[in-house]
Amino acid sequence: MENRKRIPYNNRELSWLDFNYRVLDEAFRKDNPIFERVKFLSIAASNLDEFFMVRVAGIMEQINLGYKKKDPAGLTPKQQLFKINEKAHGFLNKMYQCFKKSIKPALAQKNIHFLEIKDLNVAQKNFVDDYFNKIIFPVLTPLAVDQSRPFPLLSNKSLNLAVRLLKNGETNFALVQVPSILPRFLELPSIDEEKKFFILIENIITKKLSQLFELHKIKACCQFRITRNSDLEIDEEAADLLVEVQRSIKKRRRGEPVRLELLKGCDKKTREFLVRMLSMQEEDIYELSGPIDLTFLMKFSQLSGFDKFRFAPLVPVDPPADFWGCDSIFDAVKQRDRLVHHPYESFNAVVRFINQAADDPDVLAIKQTLYRVSGNSPIIDALIKAAENGKQVTVLVELKARFDEENNVNWAKKLERAGCHVIYGLYGLKTHCKILLVVRKESDGIKRYVHMSTGNYNDFTARVYTDIGFFTCRESFGADASSLFNTLTGYSRPPEYSKLIVAPNKMRSFFEKMIENEIKSAKKGLPSGITIKINSLVDEEMIRLFYRASQEGVKINLIVRGICGLIPGLKGISENISVRSIVGQFLEHSRIYKFCCGGNPQIFIGSADLMPRNLDKRVELVFPIDDEQIKLRIDDILTVMLNDTTNAKIQNSNTEYSKLDMRGKNKVNSQQYFLKEAKQRLASLEQSVE
């Protein structure tokens with residue numbers, strides 16, 4: 001592999017930053033409602049935090065260990081870090097430009113204002129004084145830093161004030177953490193009901209510091225925030241994986257600092273103090289115009305009373321057209337395969353399915369994988385009810401789902417207490433597949449009902465992520481589902497599946513075979529083509545195959561929301577490949593694979609992206625769509641997305657993304673199209689019986 005000729009490849013981390021730029025672009029878009037723009041700005045900030053906590057932290061660890069191997073783009077870890085820091089500095093500058101020059105003026109036009117202390121009128125000053133004395137002051141804990149009191153271990157992503165003090169000619173430093181227990185912003189009184197005023201509490205604390213340090217003269221104050229390495233190191237050979245994950249979660253809070261954010265204009269001596277105490281490299285310091293940590297804007301975007309400044313609330317079609325007029329999910333699925341397109345169609349179909357299984361006396365067993373679930377999950381409630389009703393309930397809870405580990409540990413304990421058999425997956429592999437198996441005793445014998453999905457069993461994200469859920473009771477799928485669960489829960493050898501394509505054993509070779517088949521078709525002059533919708537494409541060998549297919553004349557359309565290592569439009573290499581990214585009101589999450597197969601197209605959906613971790617290091621699931629009606633519907637989804645002119649951006653051969661040229665094109669918003677389509681499908685069924 002090392003000796004193979006290097007292919008054109010866009011570095012994974014730089015491609016991810018390009019994706020986050022596309023998220024940030026949504027905050028600039030004036031046709032988005034202002035509170036939606038505020039939300040997108042918060043998402044971009046939150047995304048960047050996680051990027052530093054995991055991806056940048058990992059590269060720093062490689063450098064510290066002396067790792068010098070080049071990535072597929074030909075960059076060493078040091079070179080990657082240099083380019084990341086360069087691009088991330090530019091990104092943060094643009095993010096704060098967005099807040100100050102675009103978001104704040106747009107809010108002001110709607111009579112919503114963020115004020116500084118100097119802007120307050122008398123009534124507002126009195127209100128702030130009262131709030132500080134009664135609410136903020138009792139919570140504050142000033143921390144002196146001197147010979148007897150070392151620099152404290154500050155929480156990851158916490159906002160702090162560094163204060164330089166002078167007493168009797170001697171300089172001292174102290175820290176004050178902005179309490180995360182309190183709301184970050186405070187609404188101020190206004191004599192005009194049409195106008196809303198807000199102030200950030202760190203500005204209040206900064207103004208009131210003299211009350212915390214009455215015996216000292218305050219010479220300077222600087223707001224700062226540190227981001228820590230938060231990638232868990234889990235010893236999978238530990239005697240109790242549950243206990244090991246809990247231990248690692250606690251360790252996350254004290255990982256090594258990887259980024260220091262400072263308010264621009266920070267006092268030189270205070271800056272030197274922080275850099276020395278935190279052992280930061282200059283390139284890892286980000287001086288911002290403020291306010292530091294824009295993730296607070298998510299809660300601000302959710303304030304009540306401002307619905308007119310948001311997208312119209314999504315009301316998923318319920319029931320989905322495929323389940324219209326069906327009281328029993330079992331009866332409906334027995335008639336034919338069913339498909340639900342989230343969030344346009346309600347996730348309630350899945351909740352109803354598992355609730356009916358929990359209550360049905362003929363159901364013998366329920367088996368399910370859980371990767372990420374909501375905080376108040378109806379799925380968990382249904383599984384507990386099923387166990388209490390005497391069903392055999394087996395749940396694979398993935399404890400290593402990043403940043404959901406603590407949530408999943410709590411659910412695992414609750415399920416175990418209810419009598420469910422809970423397992424934690426296979427050694428060395430994350431279980432990322434989404435599958436639910438219900439075993440039911442019927443008059444003609446045992447029948448297995450299967451639900452598989454591109455997305456998690458999470459009723460909350462099902463309202464904001466686009467995903468596809470598939471229901472079937474075909475025996476071939478049921479037998480495969482049983483075999484998969486036997487492999488996950490026991491020591492069964494990975495079987496030869498009839499329908500399912502399962503990673504890490506067979507998925508890479510399956511995709512290789514499908515791409516090779518398209519190459520053969522093109523060489524023979526038969527119809528050929530590949531259309532794929534995924535979240536990320538970084539696997540070097542898959543990209544190499546796509547390039548070869550393109551050179552043989554195979555037309556390839558890729559819809560890649562996030563990271564894309566493939567570079568399209570390169571002469572003699574990827575001229576037959578197009579790459580587009582769709583970022584809109586909903587997060588594109590479904591994975592769809594379509595291969596022309598000589599004029600008899602085959603469509604597959606599932607949980608896997610084309611990344612080494614999905615193909616080689618996770619339990620993933622992709623499966624074929626056999627029902628012709630459903631196949632046409634999914635094909636239509638791909639077609640509409642390829643014609644999106646509103647949310648789509650096209651990747652150029654220089655790896656940059658640009659909006660489509662609208663000349664001669666109709667305006668198409670694929671997400672709004674699917675919502676309208678879902679409503680029309682149900683309405684036509686309702687009208688047919690009137």
- prompt: Counting only N and O atoms by type, is there a donor-acceptor contact under 3.5 Å from the side chain of T454 to the main-chain atoms of I468?
  reply: yes
message: Please tell me whether E588 and N535 have a donor and an acceptor in their side chains that are separated by less than 3.5 angstrom.
response: no
message: With a 6.0 Å cut-off (strictly less than), is the heavy-atom count around CZ of F309, excluding the residue itself, greater than 12?
response: yes
- request: Consider only side-chain N and O atoms of E261 and Q223, and report whether a donor and an acceptor are under 3.5 Å apart.
  value: no
query: In this structure, are over 12 heavy atoms from other groups packed under 6.0 Å from D31 atom CG?
result: yes
query: If you draw a 6.0 Å radius around NZ in K631, do more than 12 non-hydrogen atoms from other residues or ligands fall strictly inside?
result: yes
ring-ring contact (aromatic ring centres under 6.0 Å, His included) against F323, all qualifying residues, sequence neighbours excluded: F471
- request: Determine yes or no for a side-chain-to-main-chain donor-acceptor pair under 3.5 angstrom, with R225 supplying the side chain and N156 the backbone.
  value: no
message: Looking at K665, I'd like to know if its NZ atom is crowded, meaning that more than 12 non-hydrogen atoms belonging to other residues, nucleotides or ligands lie closer than 6.0 Å.
response: yes
field: Side-chain heavy-atom pair E36, R29 within 4.5 angstrom cut-off
entry: no
message: Distance check, rounded to the nearest 0.5 Å: S346 atom OG versus H341 atom NE2?
response: 14.0 Å
- request: Would you name the heavy atoms of I543 and L566 that are closest together and state the gap between them?
  value: CD1-N, 3.5 Å
field: Reference residue I226; test side chain to side chain contact (heavy atoms under 4.5 Å, CB included); the match among D284, L159, N160, L260
entry: L260
query: Does the pair K649/D25 count as a salt bridge with the N-to-O cut at 4.0 Å?
result: yes
- prompt: Stepwise, does the ring pair (Phe, Tyr, Trp, His ring centres under 6.0 Å) test hold for F51 with F19?
  reply: CA-CA 12 Å; F51 177 71; F19 158 67; over 10 Å; no
- prompt: Do the side chain of R372 and the main chain of N456 share a donor and acceptor less than 3.5 angstrom apart?
  reply: no
query: With sequence neighbours left out, which residue pairs that include part of residues 98-109 fulfil the salt bridge (charged side-chain N to carboxylate O under 4.0 Å, His left out) condition?
result: none
- prompt: What distance separates D467 CG from F586 CZ, expressed to the nearest 0.5 Å?
  reply: 12.5 Å
Residue pair D192 / S190: nearest heavy atoms and the distance that separates them: O-OG, 2.9 Å
task: Determine whether the side chains of N614 and E620 contain a donor N or O and an acceptor N or O closer than 3.5 Å.
output: yes
